[in-house]
Amino acid sequence: MVQIISAAEAAAMIKTDHRVAIGGFLAVGAPETIIDAMVENGNRDLHIIVIASDWEDRGVGKLVVNRMVKSAQVSHMGTNKAIQAQMNNGEIEIELVPQGTLMERVRAFGAGLGGVLTPTGLGTIVAEGKQIINIEGKDYLLETAIPSDFALIKAHKADKLGNLTYRKTARNSNPIMAMAGKITIAEVDEIVEIGELDPEEIITPGVFVNYLVLAKEN
């Protein structure tokens with residue numbers, strides 16, 4: 001059965017050089033309680049996999065501002081001047097990945113696939129150094145799966161089996177990120193007894209979740 005732990009205990013699991021996939025988009029659906037605990041814990045030299053680097057004071061941007069990130073695979077950096085400056089100064093290594101491709105590569109790792117084929121990026125710098133495969137006369141880039149040691153996600157409710165429900169747009173990347181972590185930690189607003197969640201509302205089955213953390217508002 002999934003374990004209920006504190007945000008501090010979750011942060012303490014994450015060590016130097018770990019690869020961490022974090023759900024959310026522009027801080028909507030970000031696991032802020034766990035991120036704050038990571039900042040307090042001082043985790044260093046992380047590789048993060050995120051759709052967006054959010055803002056300096058919200059979401060994963062707090063990890064960047066506190067210089068805890070050494071590299072990132074990310075689709076959107078336009079709202080975080082700190083990560084832009086660190087990239088331009090050579091302080092952080094960035095792989096910019098088209099958003100759809102990023103999520104497909106994350107999903108591929110979660111599904112046990114080696115990668116995906118996509119026409120996105122052909123003829124651009126995205127294609128540099130990558131294998132091109134022709135299928136029935138059409139070229140595709142081979143985009144390899146993106147592995148992660150941890151997936152940190154935010155959901156609305158969980159039951160004690162780790163089944164998760166989400167609220168509105170906070171759902172965004174979280175269900176896919178949840179599949180991709182070797183260890184998945186879900187921050188939730190509420191934990192209920194087994195059987196209390198409507199099965200029709202469960203988006204992430206508990207089989208993908210290892211630990212639950214209550215959001216600090218609780």
Side-chain angles (χ1 to χ4, degrees), residues 3-97 99 102-103 105-106 109-110 144-155 172-174 176-188 208-217:
Q3 296 183 43
I4 302 171
I5 60 174
S6 68
E9 290 173 317
M13 292 183 191
I14 301 168
K15 308 296 185 186
T16 299
D17 291 327
H18 270 155
R19 299 175 59 87
V20 186
I22 304 176
F25 178 68
L26 295 176
V28 176
E32 297 275 8
T33 302
I34 298 174
I35 291 171
D36 288 344
M38 291 171 68
V39 171
E40 187 171 344
N41 192 57
N43 308 75
R44 294 288 171 188
D45 294 332
L46 301 175
H47 176 89
I48 61 171
I49 301 130
V50 293
I51 290 179
S53 53
D54 302 338
W55 285 270
E56 290 87 345
D57 60 346
R58 294 176 61 193
V60 299
K62 290 178 281 190
L63 303 178
V64 174
V65 167
N66 286 281
R67 298 186 178 279
M68 299 164 63
V69 179
K70 71 171 184 180
S71 57
Q73 289 167 299
V74 58
S75 300
H76 181 279
M77 297 168 44
T79 53
N80 188 327
K81 295 187 185 314
I83 198 169
Q84 297 169 24
Q86 289 180 31
M87 181 185 70
N88 291 334
N89 293 334
E91 298 167 344
I92 184 170
E93 180 182 344
I94 297 293
E95 180 187 357
L96 282 171
V97 186
Q99 184 174 329
L102 178 77
M103 295 313 300
R105 292 175 67 185
V106 169
F109 181 73
T144 56
I146 295 178
S148 58
D149 298 298
F150 286 87
L152 307 179
I153 65 165
K154 176 70 169 63
N172 54 59
S173 63
N174 282 296
I176 291 177
M177 294 295 191
M179 296 172 59
K182 294 176 184 174
I183 295 175
T184 293
I185 304 174
E187 176 182 323
V188 297
F208 292 115
V209 180
N210 302 98
Y211 298 96
L212 296 174
V213 171
L214 270 174
K216 55 188 172 186
E217 290 81 6

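As a basis for the values below, the full set of heavy atoms in this structure was taken, side chains included, without hydrogen atoms, waters or symmetry mates. One-based numbering along the sequence shown.
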- Apply side chain to side chain contact (heavy atoms under 4.5 Å, CB included) to K15 and list each qualifying residue two or more places apart in sequence or on a separate chain. H18
- Query: Do the side chains of L152 and M38 get nearer than 4.5 Å, heavy atoms only?
  - Reply: yes
- Item | E9 atom CD, neighbour heavy-atom count above 12 within 6.0 Å | yes
- Message: Can you tell me how far apart OG (S53) and CD1 (I92) are? Round to the nearest 0.5 Å.
- Response: 8.5 Å
- So, Q73 versus H47: side-chain donor-acceptor pair below 3.5 Å or not? yes
- Closest approach of G59 to A30 (non-hydrogen atoms, all atoms of both residues): CA-CB, 4.2 Å
- Query: Is it true that K154 and E32 have a side-chain N and a carboxylate O under 4.0 angstrom from each other?
  - Reply: no
- Counting N and O atoms only, with roles assigned by atom type, does the side chain of T16 sit under 3.5 Å from a partner on the main chain of D45, one being a donor and the other an acceptor? no
- Would you check if the side chain of S75 reaches a backbone N or O of V97 as a donor-acceptor pair within less than 3.5 Å? yes
- Message: Using a strict threshold of under 4.0 Å (side-chain N to carboxylate O), is an ion pair present between K182 and D149?
- Response: yes
- Is it true that atom CD of E91 has more than 12 heavy atoms of other residues, nucleotides or ligands lying nearer than 6.0 Å? yes
- Message: With heavy-atom distances below 4.5 Å as the criterion, would you say the side chains of W55 and T79 are in contact?
- Response: yes
- Kindly compute the distance separating CD1 (I153) from OG1 (T184), expressed to the nearest 0.5 Å. 6.5 Å
- Query: What are the two closest heavy atoms between A180 and S148, and how far apart are they?
  - Reply: O-OG, 3.0 Å
- Item | Under 3.5 Å: donor-acceptor pair, side chain of R67, backbone of R44 | no
- Straight-line distance of S6 OG to L212 CG, nearest 0.5 Å: 12.5 Å
- Query: Are the side chain of S173 and the backbone of G24 linked by a donor-acceptor contact shorter than 3.5 Å?
  - Reply: yes
- Message: Which residues pass the side chain to side chain donor-acceptor pair (under 3.5 Å) test with N41, not counting sequence neighbours?
- Response: N43
- Query: Side chains of E56 and V64: does their closest heavy-atom pair fall under 4.5 Å?
  - Reply: no
- Separation between CZ of F150 and CD1 of I22, rounded to the nearest 0.5 Å: 11.5 Å
- Item | pair Y211-M13: side-chain heavy atoms closer than 4.5 Å | yes
- Query: Taking side chain as C-beta onward, heavy atoms only, is L63 less than 4.5 Å from I35?
  - Reply: yes
- Query: Roughly how far apart are R58 CZ and N80 CG, rounded to 0.5 Å?
  - Reply: 12.0 Å
- Task: Identify the two heavy atoms, one from P31 and one from G23, that lie closest to each other, and give their separation to 0.1 Å.
- Result: CD-O, 3.7 Å
- Does a side-chain heavy-atom distance below 4.5 Å link I48 with M68? no
- Query: Okay, side chain of R19, backbone of I49: is any donor-acceptor separation there less than 3.5 Å?
  - Reply: no
- Task: Give a yes or no on whether a salt bridge exists between K70 and D17, defined as a side-chain N under 4.0 angstrom from a carboxylate O.
- Result: yes
- Task: Taking the side chain as every heavy atom from C-beta outward, state whether N172 and I51 have any atom pair closer than 4.5 Å.
- Result: no
- Query: Atom CE in M77, atom CD1 in I83: separation rounded to 0.5 Å?
  - Reply: 4.5 Å
- Query: Which pair of heavy atoms, one from V50 and one from M177, lies closest together, and at what distance?
  - Reply: CA-CE, 4.3 Å
- Smallest separation among heavy atoms of I185 and A10, with atom names: CD1-CB, 3.9 Å
